[in-house]
Amino acid sequence: MITYIIRRIFQLIPVLFGVTILVFLMMHLTPGNPAQLMAGETAPPEVVERIEKRLGLHDPLPVQYVNFLKKVVTLDFGVSMRNSLPIIDELRPKFWVTIELAIYSTLLSIFMGIIAGIVSAVRKYSFADVAIMLVALFGLSMPNFWLGLMLMQWFSINLGWFPPTGWGSPGQVVLPVITLGTAGAAVIARMTRSSMLEVISQDYIRTARAKGVRERVIIYRHALKNALIPVVTVTGLQFGTLLSGTVLTETVFAINGMGRYVIDSIMARDFPAVQASIIVISIMFVLVNLIVDISYRYLNKRIDLNG
Amino acid sequence: MGKEENILSVKDLQTSFFIDDGSEVKAVDGVTFDVPKGKTIGIVGESGSGKSITALSILKLIDNPGKIKGGQILYKGDNLVDYNERKMRKIRGNQISMIFQEPMTSLNPTYTVGEQISESYKIHQGLGKKESKRKVIEMLKLVGIPSPEKRIDQYPFELSGGMRQRVMIAMALACRPEMLIADEPTTALDVTIQAQILELIKELQDELGMSVIMITHDLGVVAETCDYVAVMYCGKVVEYADVRTLFKNPRHPYTVGLLNSLPRSDVDQEELIPIKGTVPSPDEMPTGCRFAPRCPFATEKCHNELPELEQIGLGEQIRCWIYTDEWTGDPEVKVYEP
Amino acid sequence: MNRKELLKVENLKQYFPIKGGIFGRTINHVKAVDDVTFTVYEGETVSIVGESGCGKSTTGRAILRLDEPTDGKVEFNGEDIVSLSKSKLRRTRKDMQIIFQDPYASLNPRQTVRQILNEAMEIQNVVPRSERNDRIAELMETVGLKPFQADRFPHEFSGGQRQRIGIARALSVDPKLIICDEAVSALDVSIQAQVLNLLKKFQREFNLTYLFISHDLGVVRHISDRIIVMYLGKIVEIGDKDSIFKNPQHPYTKALLSAIPVPDPDIKKNRIILKGDVPSPIDPPEGCRFHTRCPFVVDKCRSVSPELETRNHMKKGHQAACHFIEEIHSGEHEATRDLRNVRQES
């Protein structure tokens with residue numbers, strides 16, 4: 001297991017290199033000169049020239065990349081073009097907001113998804129099963145900005161139960177988390193259902209029955225642990241979708257998180273800020289995948305054989 | 001053959017599967033046999049004969065869309081068919097245990113060997129962790145697993161097929177059941193390992209005084225381990241006899257056919273005499289004797305009327321028109337009669 | 001008798017790499033087949049028997065180069081198969097066919113039997129296109145199926161019938177050698193007997209040669225002329241049917257034969273029950289590979305690997321790889337002596 005974790009961490013290195021290279025090139029491949037942008041459309045060429053020099057835009061590309069990398073490693077993403085503040089300081093609070101939103105939504109997805117999936121599987125073809133699967137299909141096919149707007153309309157404006165915007169108080173958390181977590185819950189519910197159905201027909205479940213184990217214990221002890229193995233993978237993949245979902249959700253609910261920061265930065269052509277956001281999001285995604293792989297390994301001990 | 005006490009009597013058992021389109025597949029269709037206390041009875045047949053479904057029916061482990069439709073399963077005089085789920089759970093793994101064909105897939109991959117065996121002690125004897133661990137080690141020792149203190153914390157995938165089957169046996173026998181149903185316990189194993197496992201089952205049977213139902217397609221295993229044999233074909237018992245009679249003096253044309261088509265490792269054979277044709281599929285099941293289309297002696301009557309399982313001689317039963325007074329075919333085929 | 005050597009396998013080795021460690025390098029090998037040599041003569045049936053992991057199926061696959069052998073020579077009809085180019089190999093494969101255990105897995109489920117047979121003949125280009133339909137009808141009848149069934153799909157047949165289709169496909173290209181890899185193992189006895197009889201009949205009619213890979217010693221005794229017994233990637237004994245079944249020499253062969261349950265309740269066999277499991281082929285035991293389970297093991301067995309040899313009391317062509325064949329045969333081996341002493345004392 002330890003060897004495996006170490007190997008997986010080693011494997012992250014090329015991935016992160018790739019991300020930084022792509023992000024770095026992005027700046028150079030997109031049309032428009034950042035120095036010109038910073039100086040303003042009407043700035044004289046000398047000013048632009050000076051800014052170019054300061055930014056190191058005259059150095060050969062590999063040198064620029066190495067310099068860029070050095071800064072990234074120390075979390076120095078430079079200053080924002082919009083307000084000249086260090087990006088890392090601006091990003092930090094927004095980052096935690098998004099992380100909170102993502103974690104709550106994931107927890108909701110897992111919790112709702114697994115319970116719904118189990119109920120569906122255990123009562124295959126019953127009314128509950130059909131109802132759950134219909135709701136899941138609905139949740140899966142509904143765009144989340146629309147779901148967000150609907151929830152806001154109904155629960156904030158019509159019923160006045162929750163505040164329509166912002167982030168921080170418990171009441172503000174509810175609607176964005178539901179908005180963001182629904183699609184994941186639907187995917188996890190469908191996966192849990194099919195995985196459970198497959199596991200229930202396995203020989204070892206029959207063995208447990210032949211031992212005189214109660215049906216409940218069979219479901220929750222013998223079947224669930226095995227059924228969760230593919231669900232873990234799906235949950236990990238779902239996290240990627242979730243991250244992109246935060247952009248819309250944060251915009252709809254006016255939450256000051258990374259998603260909105262990315263949008264605003266793109267709109268303002270604030271390249272350093274966009275770069276920083278993409279790198280942070282990529283690292284997050286890669287780490288989540290690492291955690292998923294490790295827990296997959298933990299659940300599925302069989303594949304641990306060859307170190 | 002004296003009168004023996006039967007621990008289990010299966011009488012006219014019928015188990016069917018009801019398919020979505022409304023059709024019914026009669027997997028077990030009138031199975032009758034007795035299991036004398038402390039003895040081993042073999043249920044032998046080819047795939048599709050219903051032998052495994054018979055075994056699962058005894059413990060009422062038939063899943064939807066399957067259903068026990070009729071008949072009796074008398075265990076120590078009580079009819080298990082009338083038992084509810086709660087009462088059945090007290091029987092399963094406690095009084096009647098079962099082991100299966102595939103040791104590779106019959107153990108839960110995510111729990112250790114110790115956890116899986118100790119579960120039986122928890123369910124049936126309410127034992128605590130410490131006590132059951134002691135008993136698990138004792139059990140693993142009994143089934144011949146070396147260094148059980150270490151094995152107890154291993155996962156099934158860390159064990160070989162033979163070891164897994166030993167674990168299955170340890171699990172089945174944990175609560176010292178009175179009866180063991182072994183469903184093709186050695187089919188997936190190599191012959192040298194099969195020899196070990198069969199030997200083990202025999203030893204444990206003597207030690208614990210169990211009765212065993214051995215379900216197998218291997219006539220060699222039957223000859224070696226069983227006291228009585230029920231031969232099944234298409235969901236029905238066609239012949240029931242003690243093991244010597246069955247092999248020395250087989251009566252039903254199907255039993256004879258099986259023995260003739262078996263390539264043997266112990267003697268030279270000139271040629272194999274196969275049974276012609278194939279097992280009929282459930283939707284084209286013959287109305288008369290199920291074996292009639294493949295039987296070399298079949299008459300008009302065989303094709304149209306189903307013979308009953310009749311007692312002939314002492315304790316032998318046979319389902320074939322040849323051995324009735326109504327036989328109109330070639331009288332010479334009765335040569336098997338003692 | 002001077003017979004033609006059809007297949008000659010020399011020092012065949014098949015190692016499969018195991019990846020592992022932090023960088024996923026090859027850390028070890030599964031020595032599935034380790035230095036195997038034998039010859040198959042035209043028109044005979046040679047069987048390879050052994051338990052799972054002994055390398056019998058791997059040997060069959062390596063002969064056909066379904067897996068590229070690690071080392072060694074495979075000569076077929078005087079031609080070295082291992083060094084053939086892909087295109088030449090394809091032509092040679094016409095003469096060497098294989099039938100697998102699971103006929104369903106080896107038949108394309110989307111093709112009718114006619115398409116399957118057509119394709120086989122197309123690839124090998126053995127029968128002119130115009131005659132192919134006649135040939136298919138003939139093949140179907142040969143294997144005991146009805147010609148009109150040729151337009152059905154594999155799933156419409158029973159297991160035994162599918163195996164017949166597998167045989168028909170193998171026969172369609174007029175091969176010289178057919179490798180039967182557990183070809184009848186999945187079949188019920190009544191059907192198995194039909195297929196075995198069919199195989200025997202074709203051998204007589206078409207002068208076929210079979211390399212029969214099986215774990216079922218009953219089947220092997222019935223069909224074979226000569227038998228190779230393998231254990232952990234090595235041949236432990238080789239000989240004609242009578243030698244192996246009536247005069248086995250290697251302790252493993254003896255144990256294997258004694259372990260088979262016999263369908264006769266009156267025979268109470270003196271069974272040799274082997275201890276333990278087959279060791280892993282990743283780290284096979286030093287010396288004689290069987291020493292961890294052998295009842296006659298002494299120090300020499302743990303260090304020196306025995307060669308295949310014929311001793312005085314054995315027939316010509318009967319070889320076994322054991323240091324103590326003679327001693328065990330005459331009862332002079334120290335282990336048997338010890339056993340006798342114990343008995344006399346008690």
Side-chain angles (χ1 to χ4, degrees), chain A residues 1 4 114 118 120-130 192-193 195-233 294-307, chain B residues 20 52 55-56 58-65 85-112 115-125 154-158 164 167-168 171-175 177 180-183 188:
Chain A
M1 189 77 183
Y4 174 73
I114 289 179
I118 292 172
S120 264
V122 172
R123 291 158 206 237
K124 193 169 64 160
Y125 304 137
S126 70
F127 175 74
D129 176 29
V130 174
T192 306
R193 178 180 186 267
S195 174
M196 265 312 247
L197 286 178
E198 198 193 312
V199 168
I200 287 173
S201 66
Q202 293 292 313
D203 289 350
Y204 53 82
I205 297 299
R206 190 182 56 190
T207 306
R209 288 211 174 100
K211 243 195 307 192
V213 182
R214 304 161 68 100
E215 203 59 28
R216 278 180 79 86
V217 181
I218 287 179
I219 300 295
Y220 291 102
R221 216 180 106 85
H222 289 266
L224 190 57
K225 199 170 172 189
N226 287 287
L228 282 185
I229 293 169
V231 173
V232 167
T233 315
I294 291 170
S295 39
Y296 183 82
R297 197 73 166 197
Y298 170 76
L299 279 172
N300 191 0
K301 301 210 168 53
R302 257 175 304 187
I303 57 173
D304 205 25
L305 264 184
N306 307 323
Chain B
D20 276 345
S52 285
L56 290 170
I58 294 171
L59 278 179
K60 293 178 66 174
L61 289 172
I62 301 294
D63 271 336
N64 262 333
E85 199 36 39
R86 221 188 60 217
K87 274 173 120 180
M88 272 319 290
R89 277 206 302 271
K90 295 224 169 74
I91 299 276
R92 291 177 196 145
N94 193 23
Q95 308 218 21
I96 306 177
S97 282
M98 191 161 177
I99 54 176
F100 300 97
Q101 173 174 3
E102 285 291 338
M104 296 296 166
T105 54
S106 292
L107 288 166
N108 193 325
T110 50
Y111 289 101
T112 64
E115 286 169 328
Q116 296 191 50
I117 303 175
S118 62
E119 194 175 21
S120 295
Y121 290 119
K122 201 173 115 197
I123 302 168
H124 297 299
Q125 301 181 352
Q154 287 189 319
Y155 288 90
F157 68 85
E158 298 175 82
R164 283 184 222 197
V167 168
M168 278 298 290
M171 198 156 84
L173 303 188
C175 297
L180 176 71
I181 303 174
D183 186 2

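Hydrogens, waters and symmetry mates are skipped; everything else that's a heavy atom, side chains included, is used. Below, read A as the first sequence line, B as the second, and so on, with proteins coming before strands; counting in each chain starts at 1.
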(Q) Between B:Ile91 and chain A, with a heavy-atom cut-off of 4.5 Å, which part of the residue counts as in contact: side chain, backbone, both or neither? (A) neither
Q: Identify the heavy atoms of B:Ser106 and A:Arg206 that sit nearest to each other, and give their distance.
A: OG-NH2, 4.5 Å
**Q.** Side chain to side chain, B:Gln116 and A:Thr207, heavy atoms closer than 4.5 Å
**A.** no
Q: Give every residue pair that meets the side-chain hydrogen bond (donor to acceptor under 3.5 Å, both in side chains) criterion with at least one member in residues 93-102 of chain B, sequence neighbours excluded.
A: B:Tyr75-B:Gln95
Q: Side chain from CB out, backbone as N, CA, C, O: work out which of these in B:Leu61 comes under 4.5 Å of a heavy atom of chain A, or both, or neither.
A: side chain
Q: Check the surroundings of atom CZ in A:Arg221: do more than 12 heavy atoms from other residues, nucleotides or ligands lie under 6.0 Å from it?
A: yes
Q. For A:Val213, is it the side chain, the backbone, both, or neither that has a heavy atom closer than 4.5 Å to a heavy atom of chain B?
A. both
Q) How close do A:Gly212 and B:Arg89 get, heavy atom to heavy atom, and via which atoms? A) O-CD, 3.4 Å
Q: Select one option (side chain, backbone, both, neither) describing which atoms of B:Met104 are under 4.5 Å from chain A's heavy atoms.
A: neither
Q: Under 4.5 Å heavy-atom distance to chain A, tell me which part of B:Asp63 shows up: side chain, backbone, both or neither.
A: side chain
Q) Looking only at heavy atoms, what is the nearest atom pair of A:Lys211 and B:Ser120, with distance? A) CD-OG, 3.1 Å
Q) Hey, is the main chain of B:Thr105 close enough, under 3.5 Å, to the side chain of A:Asp203 for a donor-acceptor pair? A) no
Q) Which atom names give the shortest non-hydrogen contact between A:Lys225 and B:Thr110, and what distance separates them? A) NZ-O, 3.2 Å
Q: Check side-chain hydrogen bond (donor to acceptor under 3.5 Å, both in side chains) between B:Thr112 and all other residues, then give those that pass, not counting sequence neighbours.
A: B:Glu115
Q. Which value, rounded to the nearest 0.5 Å, describes the distance between B:Asn64 atom CG and A:Tyr125 atom OH?
A. 11.5 Å
Q. When rounded to the nearest 0.5 angstrom, what is the spacing between CZ in A:Arg209 and CG in B:Leu59?
A. 12.5 Å
Q.
To the nearest 0.5 Å, what is the distance between CD on A:Gln202 and CG on B:Leu107?
A. 12.5 Å
